[in-house]
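Below is one structure, written out as structure tokens; comments come after it.
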Number of protein chains: 2
Amino acid sequence: MSLTILPGAARTSSVPDKTEHAALNLHEADEAGKGRIRLDNESAILLAAEQTFARHGFKGATMAMIAEAAQLPKPNLHYYFGNKQRLYMTLLSGILRDWLVPLDYFHPQACARDAIERYVRQKMCFTFSRPEASRLFASEILHGAPLALPLLQTTLRELVNDKAAVIDSWIAQGQLKPLDSRHLLFSIWAMTQTYADFEVQIGAILGDEAEGPRAQQRAVDHVLSSVFRMCGLA
Amino acid sequence: MSLTILPGAARTSSVPDKTEHAALNLHEADEAGKGRIRLDNESAILLAAEQTFARHGFKGATMAMIAEAAQLPKPNLHYYFGNKQRLYMTLLSGILRDWLVPLDYFHPQACARDAIERYVRQKMCFTFSRPEASRLFASEILHGAPLALPLLQTTLRELVNDKAAVIDSWIAQGQLKPLDSRHLLFSIWAMTQTYADFEVQIGAILGDEAEGPRAQQRAVDHVLSSVFRMCGLA
DNA sequence: GTCTATATCTAGATAGAC
DNA sequence: GTCTATCTAGATATAGAC
């Protein structure tokens, strides 16, 4: 199941910074020379755009801000991505794909407790490692998903219904206490993402305690034990 | 404890639509005549602004959109609120105030179970009755709370620390299972608000089932029983 | 492929008539 | 107190030199 919207959308994570992958690029000989520069520039732009869109929203972010963050002239952004909306969409589709991957842990043969623990840990890992990606996606949904709605109504909906059926089977087997499986997913998403999406609020409340790996561990422990209790796995 | 940022900030909810409160306004005789029109216009603008800012974000919303929604000419918005940021701030401060009110249920003498049930129900009520207010506030936090941060670091922080102490006392009394009281609040906020902030996503997944009072009841039941289980009150 | 200079459009804000 | 007409700033996007 591929969630890519734009064909050949370049992903930040697929372009390791300085490691020499020239050998891999030799397959496309005529694209290897320019392709290297293109990939580097595109990944720099995508990284800068993710941060800028997350911080200022789609309208609030300007191409000039993104260009400065990427240390490239403004017209280069149009050269590589055509326009602002296409750049934004490229980011969105990549984030949704990464966001859904952890659901793979939910399959009928899996042990419910193990699957849920791995899922929660993966979501918390995403939250703390890519908070800007989480906020960018949250901002899109919050404002009515003007661009992502078609994806939500098809791919996401089908995937969630599949995984809800898996959870229901775990309940039928007596592995979990009865609960609404789709609402359970909504709650897990909410509890995990809040540490990225509302990071500023949490930081304001916790103060210094909010920072560092010990704070992250505390959050993971809390969410994991809460989800276990919700599922009757405590 | 007052959370008002702007002195005399007019609140939508404080202006009943057509009920005759002229008698109450007679105290300020010279403001009664114009005051009526002013209050009506201000509340129309605030209502329109809440919807528009929630839907498009601060930058994405334009004064022209708000004016059209309020059915008033653009310059009137500037006449009443000076500029876009002041209009936005007036909304923000009112929402934060309304958002914090339910925490009053948390006081040391209260029964923990009753207080938590009332709190969750109040939060869910806010979510379903004023989803745009929730999204407007969420958007502000999501983008780094450029305007609300000072409030979060003072009033919100102190209030939360107070209420966390109350929860801790309930735990010490054995009314609740041990857990991190402040993270419990983060989780309750996340689980309740997600039905407003991510309404589009949930709607896309649940389809027709997401609408109507029965869907709301289902969500309330889920969140309430989940929070009870988290607290060992199931 | 890169980037300077510029065209075009849109939005916030206001002057001034009523 | 209200609103038409307009000013100005700033943003997207592109033309065209290198």
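Each chain gets a letter, A, B and so on, in the order its sequence line appears, and its residues count up from 1. These numbers were taken from a predicted model, which means no experiment stands behind them.
A:Gln216 and A:Tyr195 are not linked by any side-chain donor-acceptor pair at a separation below 3.5 angstrom, with hydrogens and angles left out of the test.
We find that NZ of B:Lys74 is positioned 22 Å from P of D:dG1, with the value rounded to whole Å. Computed from coordinates, the B:Asp40 CG to D:dT2 P distance equals 11 Å when rounded to whole Å. In this structure, B:Phe81 places its CZ atom 14 Å from P of C:dA13, rounding to the nearest Å. Rounded to whole Å, atom P of C:dC9 lies 17 Å from atom CG of A:Asn83. D:dA13 atom C1' lies 15 Å from atom CZ of A:Arg86, rounded to whole Å. In this structure, A:Met65 places its CE atom 12 Å from P of D:dG10, rounding to the nearest Å. Taking atom CD1 on A:Ile37 and atom C1' on C:dC3, their separation rounds to 15 Å, with Å as the unit. At whole-Å resolution of the value, CG in B:Leu77 and P in C:dA11 are 14 Å apart.
Residue A:Arg118 qualifies as open at atom CZ: its count of foreign heavy atoms under 6.0 Å is 12 or below.
With C:dT2, C:dA11, D:dT4 as the candidates, the nucleotide lying closest to the side chain of A:Tyr79 is C:dT2. Between C:dG12, D:dT2, D:dT4, one nucleotide has an atom nearer to the side chain of B:Pro75 than all others, and that is D:dT4. Of the candidate nucleotides C:dT14, D:dA13, C:dA5, D:dA13 has the atom nearest to the side chain of A:Lys84. The listed nucleotides are C:dA13, C:dG1, D:dG1; the one nearest the side chain of A:Arg38 is C:dG1. Closest approach to the A:Asn76 side chain among C:dG12, C:dT2, C:dT4 is made by C:dT2 (side chain taken as heavy atoms from C-beta onward). Taking every side-chain heavy atom of A:His78 into account, D:dT12 is the closest of D:dG1, D:dT12, C:dG1.
A donor-acceptor contact shorter than 3.5 Å links the side chain of A:Ser187 to the backbone of A:His183. Of the possible donor and acceptor atoms, none in the side chain of A:Glu140 sits under 3.5 Å from a partner among the backbone N and O of A:Leu92.
Comparing A:Pro73 and A:Lys59 against DNA chain C, the residue whose closest nucleotide sits nearer the 5' end is A:Pro73. If B:Leu72 and A:Gly82 are placed on DNA chain D by their nearest nucleotide, the residue sitting closer to the 5' end is B:Leu72.
In this structure, B:Ala61 reaches the sugar-phosphate backbone alone: every heavy-atom distance under 4.0 Å involves primed, P, OP1 or OP2 atoms, never a base.
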- Query: Can you check ring pair (Phe, Tyr, Trp, His ring centres under 6.0 Å) on A:Phe58 and A:Tyr88, steps first, answer last?
  - Reply: CA-CA 8 Å; A:Phe58 178 73; A:Tyr88 179 75; 4.8 Å; yes
